[in-house]
Structure formats: structure tokens, C-alpha cells
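Written below as C-alpha cells is the structure these notes are about.
Throughout, a chain's letter reflects where its sequence line sits, starting with A, and its residues are numbered from 1.
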2 protein chains.
Amino acid sequence: MLGDRWSLLILRDMMLRGARTYNELLACPERIATNILASRLRSLVENGIIVARPDPIDRRRQTYLLTAKGIDLAPVMAELVLWAARHERTGNQGLVRQLEQDKQRMIADVRQRWAAENAARSMHEPSRR
Amino acid sequence: MLGDRWSLLILRDMMLRGARTYNELLACPERIATNILASRLRSLVENGIIVARPDPIDRRRQTYLLTAKGIDLAPVMAELVLWAARHERTGNQGLVRQLEQDKQRMIADVRQRWAAENAARSMHEPSRR
DNA sequence: CAGGATCCGTTTCGATACTG
DNA sequence: CAGTATCGAAACGGATCCTG
């Protein structure tokens with residue numbers, strides 16, 4: 001389900017860089033193609049890792065948000081980033097050292113940030129009103 | 001580098017089930033094809049995650065061993081298995097609960113088990129870490 | 001028999017062009 | 001802006017063949 005080249009990179013951009021829209025995700029340094037991004041997003045939605053919602057401010061825009069299942073991937077992502085940083089030359093040794101000491105906090109941050117946003121949009125959801 | 005469908009599954013079988021030979025890896029439940037297994041093993045070797053050595057007992061046999069870089073993936077694997085177990089039904093809830101309490105020990109076990117085996121061949125390798 | 005390599009049909013990926 | 005259509009390239013998967 002995550003066994004492809006892009007899904008984890010998309011989630012990394014959502015978690016670590018706060019990307020939420022198609023455009024922000026397209027701008028990732030690895031240059032994903034538009035059709036691939038669309039197809040990966042569809043697959044992530046189908047697998048319940050993210051959800052697509054219209055932007056509450058600009059209705060024409062879609063925002064992609066992590067679900068609880070997606071947020072639970074934060075520890076995996078943290079370990080993966082640490083591993084890659086240790087063994088590849090990714091340049092950003094700063095992030096590494098910070099993560100190293102501060103992994104728990106980073107995971108908590110992801111959790112809290114997305115939990116907050118989910119709460120914010122739950123008022124717009126028909127299911128809860 | 002790990003962005004393909006099989007590499008992580010191979011590493012899972014090596015770490016969690018102790019698979020070391022071509023045959024043991026072929027027997028994984030996901031039914032990998034022989035050519036794909038060979039090609040993934042080659043790629044893992046090229047990327048310094050595993051090494052191939054002739055079995056010290058049966059010379060016809062190859063054994064595949066984790067390198068330090070590969071062993072460092074244990075935390076990633078632990079988190080990934082935990083995540084999958086929480087959100088898919090993989091059946092083995094036993095392993096899950098055990099891992100949940102005992103993640104650090106499991107990682108240490110992987111490390112120690114493979115470190116011991118590496119020591120046996122360490123004369124041929126530039127040591128790392 | 002273990003550990004592949006080769007051939008070949010099928011599926012998926014990826015770059016570019018295009019559309020509502 | 002957020003995708004879809006197209007089409008060639010790469011990866012997968014199965015069967016078979018090769019080598020020690």
C-alpha cells in the first residue's frame with residue numbers, strides 16, 4: 001500500500017513541510033509528475049490515510065488532510081528520515097540532530113497540528129451536526 | 001532506494017523472521033518471483049544494506065546478512081510493523097502486543113543478533129560506526 | 001537441489017500536452 | 001489550479017533454462 005516510490009514522499013511533505021494542496025505537493029524537490037500525484041493521492045484516500053476536503057476558505061480548492069491512520073505514520077516517518085539522514089548525504093544535518101533529540105516532540109507536533117485542523121473542519125461536516 | 005514494492009518486505013523477513021537464504025526469502029507469504037527476488041537482493045547489496053556471503057557450512061549456499069546500515073533500519077521496521085498491525089488485520093496480534101511493550105528490546109535483538117554474525121566475517125570488512 | 005539468468009507478456013510509471 | 005489523456009519506458013510476474 002505504501003510500497004511505491006511516491007506515497008511516502010507525499011506523506012513526508014505533508015508531515016514535515018505542512019503541504020496540503022496539490023500545488024504544494026507538486027513543488028516537492030523530487031519533481032513528481034501531475035498524473036502520478038493525482039493517482040497517488042487517490043490511492044492514499046482509498047486507503048484511508050488522507051482525506052480530500054474543499055478548502056473552507058476557497059471552495060474551488062481541495063485540501064488534503066491526514067486521517068488518524070495517516071497521523072499514526074508519524075513515528076515511521078521520523079525513523080525513516082533519521083535513517084536516511086544518517087546514511088545518505090541529504091545535506092540537512094541540522095534537522096537530523098534536532099530530530100534525534102526531539103523525535104517525540106516532532107511526532108507530537110504532527111499529531112497536534114493535524115488533530116487541530118481536523119477539529120476545525122469537523123464543523124463543516126454533515127455527519128456531526 | 002527502498003521505494004519499491006519488495007525491498008521492505010525482504011528486510012522484514014530478514015529482521016523479523018530471520019530469513020537469510022534465497023529459498024527462505026522465496027517462501028515469504030507474498031510470493032515474490034525468482035527474478036524479482038534476485039534483482040532486489042542485488043540492489044540491496046549495491047546500496048550497502050545487505051551483503052552476500054557463502055554459507056560457512058554449505059559452500060554452495062549463499063547467505064544474505066544485514067550491514068550496519070541495514071540494521072539501522074530496525075526502528076523503521078518496528079514502527080512500520082506496529083502501524084500495519086494496528087490498521088490492517090494481519091492476524092498476528094500476538095506479535096503486535098509484544099512489540100508494543102517491547103520495541104526497544106526487539107530492536108536491540110536485531111542489532112545484537114546480526115552484530116554477532118557480522119563479527120564472524122568482520123575480518124574482511126572495513127568496520128563502520 | 002540452490003541460486004540465479006533469460007525470455008516475454010502484462011502492468012505500472014513518468015513526461016508532456018491538454019482541459020474544465 | 002487541479003487535474004486527465006496519451007504514449008513510450010521501466011518494472012513486474014511467470015515459466016523456463018542454466019550452472020555448480
Side-chain angles (χ1 to χ4, degrees), chain A residues 1-14 17-67 70 117 121 124, chain B residues 1-15 17-67 70 117 120-121 124:
Chain A
M1 173 199 307
L2 301 170
D4 73 274
R5 186 169 155 193
W6 292 108
S7 298
L8 282 174
L9 290 174
I10 291 174
L11 292 172
R12 179 204 59 187
D13 283 352
M14 294 186 73
R17 321 208 320 195
R20 304 190 163 67
T21 67
Y22 190 88
N23 247 3
E24 288 169 356
L25 289 167
L26 259 192
C28 84
E30 288 87 358
R31 319 301 301 156
I32 186 171
T34 63
N35 56 343
I36 305 300
L37 176 55
S39 116
R40 291 305 90 191
L41 286 173
R42 203 179 314 128
S43 148
L44 288 169
V45 168
E46 279 167 11
N47 285 296
I49 293 172
I50 64 177
V51 288
R53 300 283 174 204
D55 188 314
I57 298 172
D58 180 354
R59 285 298 190 80
R60 302 168 310 180
R61 209 174 258 248
Q62 288 273 94
T63 63
Y64 296 94
L65 303 175
L66 293 170
T67 63
E117 301 194 17
R121 78 164 207 287
H124 303 283
Chain B
M1 172 200 304
L2 300 170
D4 73 274
R5 186 165 154 192
W6 292 109
S7 299
L8 282 174
L9 290 175
I10 291 173
L11 292 172
R12 178 205 60 187
D13 283 352
M14 294 186 73
M15 290 187 185
R17 320 207 319 196
R20 300 187 167 69
T21 69
Y22 189 87
N23 251 359
E24 288 168 357
L25 290 166
L26 258 192
C28 84
E30 288 86 0
R31 317 302 300 155
I32 186 171
T34 64
N35 55 344
I36 304 300
L37 175 55
S39 115
R40 291 305 91 190
L41 287 172
R42 202 180 314 128
S43 148
L44 288 169
V45 168
E46 279 166 12
N47 284 296
I49 292 173
I50 65 177
V51 288
R53 299 287 172 201
D55 188 315
I57 297 171
D58 180 353
R59 285 299 192 80
R60 302 172 312 180
R61 214 171 254 249
Q62 287 274 98
T63 63
Y64 297 93
L65 304 174
L66 294 170
T67 63
E117 303 194 18
R121 68 164 213 280
H124 306 285

Can you sort out the partners of A/Ala33 under side chain to side chain contact (heavy atoms under 4.5 Å, CB included), two or more places apart, ordered by chain and number?
-> A/Asn35, A/Ile36
Specify the separation, in whole Å, of atom [atom1] of [X] and atom [atom2] of [N].
X       : N      : atom1 : atom2 : result
B/Leu26 : D/dC12 : CG    : C1'   : 15 Å
A/Leu25 : D/dG3  : CG    : P     : 10 Å
B/Tyr22 : D/dG20 : OH    : P     : 17 Å
B/Asp58 : C/dA2  : CG    : C1'   : 9 Å
A/Leu37 : D/dA5  : CG    : P     : 16 Å
A/Arg20 : D/dA2  : CZ    : P     : 14 Å
A/Leu41 : D/dC1  : CG    : P     : 16 Å
B/Arg40 : C/dG3  : CZ    : P     : 19 Å

A/Arg5 side chain, from C-beta outward: closest of C/dG14, D/dC12, D/dA2 = C/dG14
A/Ala38 has a side chain; which of C/dC13, C/dG3, D/dG3 sits nearest to it?
-> D/dG3
Under a 4.0 Å heavy-atom criterion, the protein footprint on nucleotides 15-20 of chain C, written with B, S and -, is BBB---
Nearest atoms (heavy-atom pairs only) where [X] meets [Y]:
X       : Y       : answer
B/Ile50 : B/Leu41 : CD1-CD2, 3.8 Å
B/Asp4  : B/Arg40 : OD2-CD, 3.3 Å
A/Arg61 : A/Thr21 : NH1-CG2, 4.0 Å
B/Gln62 : B/Ala52 : NE2-CB, 3.5 Å

So, is A/Arg42 close to the D/dT4 phosphate, meaning a side-chain N or O under 4.0 Å from OP1 or OP2?
-> yes
Verify the contact: side-chain N or O of A/Tyr64 to OP1 or OP2 of D/dG3, cut-off strictly under 4.0 Å; return yes or no.
-> yes
Do any N or O atoms from the side chain of B/Tyr22 and from the backbone of B/Thr34 form a donor-acceptor pair under 3.5 angstrom?
-> yes
Give a yes or no answer on whether the side chain of A/Asp55 reaches the backbone of A/Ile57 with a donor-acceptor pair at less than 3.5 Å.
-> yes
Sugar-phosphate only, base, or nothing, as touched by A/Arg60 at under 4.0 Å among non-hydrogen atoms | nothing
